[in-house]
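One structure is given below, encoded as structure tokens.
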Amino acid sequence: MLDAKLVRAEPDLVASKLEKKRFKLDVERLNQLESRRKEIQVRTEDLQKERNVRSRAFGEAKKAGQDVSALQEAMSALKSDLENAEVELKAIQEELQSILSLVPNIPDDDVPEGKDENDNVEVRKWGVPESFTFEPKDHVALGEMHGLLDFETASTISGARFAVMRGALARLHRALAQFMLDTHTTNHGYEETYVPYLVNANALFGTGQLPKFEEDLFKVPGERDYYLIPTAEVPVTNLVSDKIVDAKNLPLRFVAHTPCFRSEAGSYGRDVRGMIRQHQFDKVELVQVVAPEQSSAALEELTGHAERILQLLQLPYRVVALCGGDMGFSAAKTYDIEVWLPGQQTYREISSCSNTRDFQARRMQARYRDPATGKPALVHTLNGSGLAVGRTMIAVLENYQNEDGSIRVPEVLKPYMGGVDVIGG
RNA sequence: GGUGAGGUGUCCGAGCGGUUGAAGGAGCACGCCUGGAAAGCGUGUAUACGGCAACGUAUCGAGGGUUCGAAUCCCUCCCUCACCGCCA
């Protein structure tokens, strides 16, 4: 959520910055509501003051043994005026709140202009795609060839966009997650966390998935509704919601390996083949909670941590800075990391790293005590995949394939594979 | 699932119908003291909104109600803790 004060004071500035995100802020409507709010709030507070003054007088009169019936009568007229004012004020505040909760974060000044992924800007490239002496297969062909990847069975159990993995492939998938978790905890200073996979609406509001993106989520109805997490970003970032963390403890770095569930509404026909786009996938997520002045540097650092996984796996990738139109709701700046997939002869997203600045922190009231002022101030939060496990596995399959369809196990994964160094050999 | 006890400021904890934004303590900040530190002493220490300011208003888990007046009484819900039952 944006700072209501900023929106109020500089609506035109905010609106112009939001244009980069292709968001139209209704300044006129906002101004109109705002001036009404002000008027009614003043009236309400005047009436409240009157009530407080009179009831104090009432108490004193009664104590002094005076007749209070006149006072009592005068109060009843005041009361209904006050009640009306309070109801109206509440309605306006709720409307303002609901408008504000649908406004996306302001992009940083250095975010590129543009409307979709074609306008993203490549920042750097790492590694060189291998030139195969044969026609490389895609992961679907490779997986099915060995009977280790089975979409058909998954569809009878669940439906489209699910997969069953078996044997060495299932183990490779687990190995990747373990390897990522170990690297981030041991080398990058993250604290391992285990978090709920079902969360409430409030947590999703905090990170910005609600109220705007409910259709992307799986809802679990019940006496109390739950939602399956679309990313560990939701439960992990909410670790600091409603807290005032000690400045000494910043930055906080958390890592979690969780399944993620996405309805993929509106992506019919996209990536229908293979494991690229699933309703359920595993991800190792990095979250940082930092002091405001640190967040720009922290985004570079966090992105580097995600890149490190690909470097250790010797997988070629590139990093792109997302343009305003391609960025998510909560992000002020985002880098996507795209891994080379020989089967598609293209780079595909494998990680998305974002600085949300104080946008999520404000929604979830996550604060720290600013040593300079001694006052609570909003923290900045960042998140990034480090990495999407399924897509990383796809990249390993396709980049490490041999002509006969067997797959070499990357050096760094060997300790996790229980002696297997070739899959489907 | 049953029974009982609770949810108050950064934290702990008092208050149980009026002047309590809230005693006391801890923590933190500043000052004194010290060669330096600890201890000691003093002062300060919530947030939001409106206002240039003085100040005003709201907030004691959430929402409703009673009352001239609610942190305090009543109702509903949420959460936490304890014991019993059941269970991976």
Who is the Watson-Crick or G-U wobble partner of [N], with both distances under 3.5 Å?
| N | value |
| --- | --- |
| G56(B) | C49(B) |
| A70(B) | none |
| C41(B) | G31(B) |
| C87(B) | none |
| A22(B) | none |
| G6(B) | C79(B) |

Within the 3.5 Å criterion, strictly below it, is a donor on [X] or [Y] matched to an acceptor on the partner's side chain?
| X | Y | value |
| --- | --- | --- |
| Glu86(A) | Gln48(A) | yes |
| Thr381(A) | Thr356(A) | yes |
| Glu233(A) | Gln360(A) | yes |
| Thr183(A) | Arg308(A) | no |
| Lys283(A) | Thr258(A) | no |

Determine the interatomic distance between [atom1] on [N] and the same-named atom on [M]; round to the nearest Å.
| N | M | atom1 | value |
| --- | --- | --- | --- |
| A53(B) | U72(B) | C1' | 35 Å |
| U8(B) | G65(B) | P | 25 Å |
| U20(B) | A71(B) | C1' | 9 Å |
| G17(B) | C74(B) | C1' | 13 Å |

What is the nucleic acid contact for [X], judged by heavy atoms within less than 4.0 Å: base, sugar-phosphate only, or nothing?
| X | value |
| --- | --- |
| Lys248(A) | nothing |
| Pro371(A) | nothing |
| Arg8(A) | sugar-phosphate |

Atom-pair distance ([atom1] on [X]; [atom2] on [N]), nearest Å:
| X | N | atom1 | atom2 | value |
| --- | --- | --- | --- | --- |
| Arg367(A) | U10(B) | CZ | C1' | 10 Å |
| Arg369(A) | A29(B) | CZ | C1' | 11 Å |
| Gln365(A) | A62(B) | CD | P | 14 Å |
| Asp242(A) | C78(B) | CG | P | 19 Å |
| Ile244(A) | U47(B) | CD1 | C1' | 9 Å |
| Asn202(A) | G61(B) | CG | P | 17 Å |
| Leu89(A) | A48(B) | CG | P | 18 Å |
| Leu100(A) | C49(B) | CG | P | 12 Å |

- Task: Between Gly59(A) and Arg51(A), just flag the one whose closest nucleotide in RNA chain B comes earlier from the 5' side.
- Result: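 Result: Gly59(A).
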
- Start at the 5' end of RNA chain B and walk down; is the nucleotide closest to Glu83(A) or to Ser55(A) reached first?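 Nearest-nucleotide comparison on RNA chain B picks Ser55(A).
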
- Query: Which distance, rounded to the nearest 0.5 Å, do you find between the CG of Asn202(A) and the CZ of Arg363(A)?
  - Reply: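 Output value for this atom pair is 10.5 Å.
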
Give a yes/no answer on whether the side chain of [X] brings an N or O atom under 4.0 Å of OP1 or OP2 in [N].
| X | N | value |
| --- | --- | --- |
| Lys49(A) | A58(B) | no |
| Lys243(A) | U10(B) | no |
| Lys90(A) | G64(B) | yes |
| Asn52(A) | A58(B) | yes |
| Lys375(A) | A46(B) | no |

- Minimum-distance nucleotide (side-chain atoms of Gln41(A) versus G69(B), U10(B), C49(B)):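 The nucleotide sitting nearest to the side chain is C49(B).
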
- Query: Quick one: does Glu45(A) reach the base of G50(B) with a side-chain donor-acceptor pair under 3.5 Å?
  - Reply: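 In this structure, the two groups form no donor-acceptor pair.
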
- Residues His279(A), Phe261(A); criterion ring-ring contact (aromatic ring centres under 6.0 Å, His included); working and verdict: CA-CA 5 Å; His279(A) 286 311; Phe261(A) 303 91; 9.8 Å; no

